[in-house]
Enquirer: 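One structure, as structure tokens, below. Some questions next.
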Amino acid sequence: MIDIKLLRKNPEFFIEALRKRNSSPELVDEILKIDAEWRKLTSEVNNLKAERNNLSKLVAKAKAEKDEVKAREVIEKSKEIGEKIKKIEEVQKELEEKILNIALNIPNIPAEDVPIGKDETENVEVRRWGEPRKFEFEPKAHWDLGPDLGLMDFERAAKLSGSRFTVMYGYLARLERALVQFMLDVHTKEHGYTEVWLPHLVKRQTMTWTGQLPKFEEEAYNTSKDDLFLIPTAEVPLAALHAQEVLTEKELPKKYTAFTPCYRREAGSYGKDVRGMIRQHQFDKVELVWVTTPERSFEDLEQLTKDAERILQLLELPYRVISLCTGDLGFAAAKTYDLEVWLPSYNAYKEISSCSNDTDFQARRANIRYRGKDNKLHFVHTLNGSGIAIGRALVAVIENYQNPDGSITIPKVLIPYMGVERIP
RNA sequence: GGAGAGGUGGCCGAGUGGUCGAAGGCGCUUGCCUGCUAAGCAAGUGUGGGGGUAACCCCACCGAGGGUUCGAAUCCCUCCCUCUCCGCCA
């Protein structure tokens, strides 16, 4: 959430930021107008309350002195004020709700070094790693490769659940599990992350804390009876883990990793990535989340991104790193690097990880603070990144490691987890 | 699901209608003392909001939301959470 105090002081800054993002700059004026009214009422009601508090003391005093007449007189006066207060408070509450509603729909402010651009065509490539393999045969797309091996089944998945679901058997099912184990091992043993096991159903409140709600309700699966949401990413429960808490500066940064399935309705993505298992309603992901301080959060984003890149390097999958431009940034992000892996079926680099610094955006919503060296309370900064998406990693592995006979060589680092060197 | 107990400041814990933002303790900060450490002594120590150049002033907050009352941590209602026992259960 944005800082309303800053917004009062410097509305132009926010208007400019929203413009860069292709968002709605008019929200700034809207919120300021309501806020001015709110402040006026707040002053008024505070003064009335002060008056009432004084009268209450007089009542106590009069009663102590057994002066019933005086007491009754003051009580009458106080009653009148009480009614005024009630009326103003009703209006005040309405205004507060309006302000909150708008504030919850304003995205994070882009960091200064984020490239300015209108949409994904203006993202900037930062670096590349590895060379796309030159095939001496016509490589198959995973949606052919998998079913040809008899290990990937889109028809039965559709029978069970509809489109955008996949069933896998045998070695491919095992490959999914191997990737999970491998990534968690790297992050916990080599990168110092704490592994976390999490609920996959969370409250509406939790989704609001991290920024998924209220704006993106259409995207989320909801269990109507209990109003719980299936998590679209482990970022939600991980980033909200310390909601409403005060942390000590000493314990920061906290580095968490978690494996969970992710559930997304993919509303509005009709016609996008319709073949294969690139865009699914359910997919596995190993997530990375840092809870850190404002002083170091952008440095930390570089490290988190490298931690995610390390997975692709160990798997020897060619990729590139993209810095998202202002127009393509996610709602909560101030800065984002996407990792894109080479996919022969697309003949292009395809997103496999997204690493963001959300600065204090989630911390404000979820009220996550730490006590600094100055002994004062400050909002933490939260970072998140895929470390990395399992389903797309599986696709990348089988497509990039396929052989002319339709078999798949297992990447070196996965052999201990697979128990075999090739599939089948 | 049934029965019971409970939710107070960073933590423990007192407080059943009025000077309670809240005793006391622990912790923390600062100073004194002390070969070092520990102990001891003294003072300070919540958060959020509004106003003011500032010193500072005001308001709110005792799980959440309503209600009663001139006035609520304290009384009433609803909800949430935790614990104990019973039932059910992977």
Side-chain angles (χ1 to χ4, degrees), chain A residues 1-9 31-104 197-209 213 223 225-229 237 240-252 254 261 291 293 360 363-380:
Chain A
M1 189 150 63
I2 43 109
D3 181 354
I4 183 112
K5 282 186 184 166
L6 263 179
L7 187 122
R8 278 177 197 146
K9 251 190 254 166
I31 209 167
L32 278 179
K33 213 173 112 196
I34 303 170
D35 179 63
E37 180 68 12
W38 176 84
R39 279 194 287 171
K40 201 183 119 208
L41 290 186
T42 300
S43 266
E44 240 171 81
V45 87
N46 276 354
N47 290 337
L48 287 173
K49 280 182 180 174
E51 206 176 329
R52 182 176 67 183
N53 287 344
N54 286 330
L55 292 179
S56 279
K57 279 178 198 161
L58 285 185
V59 174
K61 209 168 148 199
K63 291 230 164 159
E65 287 164 4
K66 306 263 184 232
D67 188 348
E68 285 301 325
V69 181
K70 174 91 186 286
R72 208 166 309 133
E73 199 180 290
V74 178
I75 284 170
E76 279 309 310
K77 213 163 148 194
S78 183
K79 230 176 181 170
E80 266 174 51
I81 293 175
E83 270 155 39
K84 274 192 205 164
I85 290 173
K86 215 171 180 180
K87 270 189 198 148
I88 298 175
E89 276 185 334
E90 271 169 38
V91 183
Q92 197 188 15
K93 206 172 163 188
E94 270 172 44
L95 295 181
E96 272 165 21
E97 271 166 31
K98 275 190 198 165
I99 291 170
L100 185 66
N101 244 318
I102 298 172
L104 285 177
W197 186 86
L198 295 159
H200 303 167
L201 286 164
V202 297
K203 296 180 190 170
R204 176 173 289 275
Q205 175 68 260
T206 308
M207 293 278 278
T208 307
W209 282 335
L213 294 180
T223 65
K225 275 187 187 156
D226 303 294
D227 204 28
L228 291 172
F229 291 80
L241 200 58
H242 295 290
Q244 319 275 319
E245 292 182 22
V246 175
L247 305 168
T248 59
E249 185 160 0
K250 262 183 276 172
E251 62 189 313
L252 300 179
K254 284 179 172 288
V291 180
T293 60
D360 61 357
R364 280 180 191 283
R365 290 177 162 237
N367 198 24
I368 312 170
R369 295 172 299 173
Y370 71 98
R371 197 169 290 280
K373 291 189 196 83
D374 57 3
N375 217 28
K376 291 212 166 76
L377 294 175
H378 307 276
F379 287 112
V380 300

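A note on names: the letters A, B, ... follow the listed sequences, proteins ahead of strands, and every chain is numbered from 1.
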Enquirer: Counting Watson-Crick and G-U wobble pairs with both distances under 3.5 Å, what is the dot-bracket string for RNA chain B, 5' to 3', using [ ] for crossing pairs and | for pairs to another strand?
Expert: ((((((((.[[[..)..(.....]]]((((((.......))))))((((((....)))))).[[[[[..)....]]]]])))))))....

Enquirer: Flag the pair A:L247 / A:K254 as yes when at least one side-chain heavy-atom distance between them is below 4.5 Å, and no otherwise.
Expert: yes

Enquirer: For B:rC36 and B:rC57, measure between their P atoms and round to the nearest Å.
Expert: 41 Å

Enquirer: About how many Å separate CG of A:N46 and CD of A:E44, when rounded to the nearest 0.5 Å?
Expert: 10.5 Å

Enquirer: Between B:rC59 atom C1' and A:E89 atom CD, what is the distance in whole Å?
Expert: 10 Å

Enquirer: When the distance from CD of A:Q92 to P of B:rA60 is rounded to whole Å, what number comes out?
Expert: 12 Å

Enquirer: Given atom CD of A:E80 and atom P of B:rG71, what is their separation to the nearest angstrom?
Expert: 13 Å

Enquirer: How far does the C1' atom of B:rC32 sit from the matching atom of B:rA39, given to the nearest Å?
Expert: 14 Å

Enquirer: Could you write nucleotides 47-53 of chain B as a row of B, S and -, 5' to 3', where a protein heavy atom under 4.0 Å of any base atom gives B, of only sugar-phosphate atoms gives S, and otherwise -?
Expert: SSBSS--

Enquirer: Could you tell me which non-hydrogen atom of A:F379 sits nearest to which non-hydrogen atom of A:Y370, and how far apart they are?
Expert: O-CE2, 3.5 Å

Enquirer: If you measure from the P atom in B:rA64 to the same atom in B:rU74, how many Å do you get, rounded?
Expert: 11 Å

Enquirer: Nearest heavy atom decides the nucleotide; on that basis, is A:V246 or A:K203 closer to the 5' end of RNA chain B?
Expert: A:V246

Enquirer: Nearest 0.5 Å, what's the CD1-CG distance between A:I99 and A:L104?
Expert: 12.0 Å

Enquirer: For the atom pair CG (A:L95) and NZ (A:K33), what is the distance rounded to the nearest 0.5 Å?
Expert: 11.5 Å

Enquirer: Considering only atom P, compute the distance from B:rG51 to B:rA55 and round it to an integer number of Å.
Expert: 15 Å

Enquirer: Rounded to whole angstroms, how far apart are CG on A:D227 and C1' on B:rC79?
Expert: 15 Å

Enquirer: Could you work out, with salt bridge (charged side-chain N to carboxylate O under 4.0 Å, His left out) as the rule, every residue matching A:R39, not counting sequence neighbours?
Expert: A:D35

Enquirer: Report which part of the nucleic acid A:K57 touches: base, sugar-phosphate, or nothing (heavy-atom distance under 4.0 Å, all strands).
Expert: nothing

Enquirer: Distances for protein N/O vs nucleotides 63-70 of chain B N/O pairs under 3.5 angstrom?
Expert:
from, atom 1, to, atom 2, distance (Å)
B:rG66, OP1, A:K93, NZ, 2.7
B:rC70, O2', A:S78, OG, 2.3

Enquirer: Who passes salt bridge (charged side-chain N to carboxylate O under 4.0 Å, His left out) against A:R369, sequence neighbours left out?
Expert: none

Enquirer: Taking the side chain as C-beta and beyond, is there a heavy-atom pair between A:L32 and A:R8 under 4.5 Å?
Expert: yes

Enquirer: Any side-chain hydrogen bond (donor to acceptor under 3.5 Å, both in side chains) pairs touching residues 82-95 of chain A, not counting sequence neighbours?
Expert: A:T42-A:Q92, A:K49-A:E89

Enquirer: Taking atom P in both B:rG15 and B:rC88, what distance in whole Å separates the two?
Expert: 40 Å

Enquirer: Looking at A:P237 and A:V202, what are the two nearest heavy atoms and their distance?
Expert: CB-CG1, 4.4 Å

Enquirer: Using the P atom as the point on both nucleotides, what is the distance between B:rA72 and B:rC59, in whole Å?
Expert: 13 Å

Enquirer: With rounding to whole Å, what would you report as the distance between B:rU45 and B:rA22 at their C1' atoms?
Expert: 15 Å

Enquirer: CD of A:Q244 to CH2 of A:W209: how many Å apart, nearest 0.5 Å?
Expert: 5.0 Å

Enquirer: So, does A:N53 get its side chain near the phosphate of B:rC59, meaning an N or O under 4.0 Å from OP1 or OP2?
Expert: yes

Enquirer: Check whether any side-chain N or O of A:R365 sits under 3.5 Å from a backbone N or O of A:T208 as a donor-acceptor pair, and report yes or no.
Expert: yes

Enquirer: Using heavy-atom distances to pick each residue's nearest nucleotide on RNA chain B, tell me which of A:A60 and A:E51 is more 5'.
Expert: A:A60

Enquirer: Say you pick atom P in B:rC62 and the same atom in B:rA23; how far apart are they, in whole Å?
Expert: 15 Å

Enquirer: Could you give the CG-to-C1' distance, from A:N47 to B:rC59, as a whole number of Å?
Expert: 9 Å

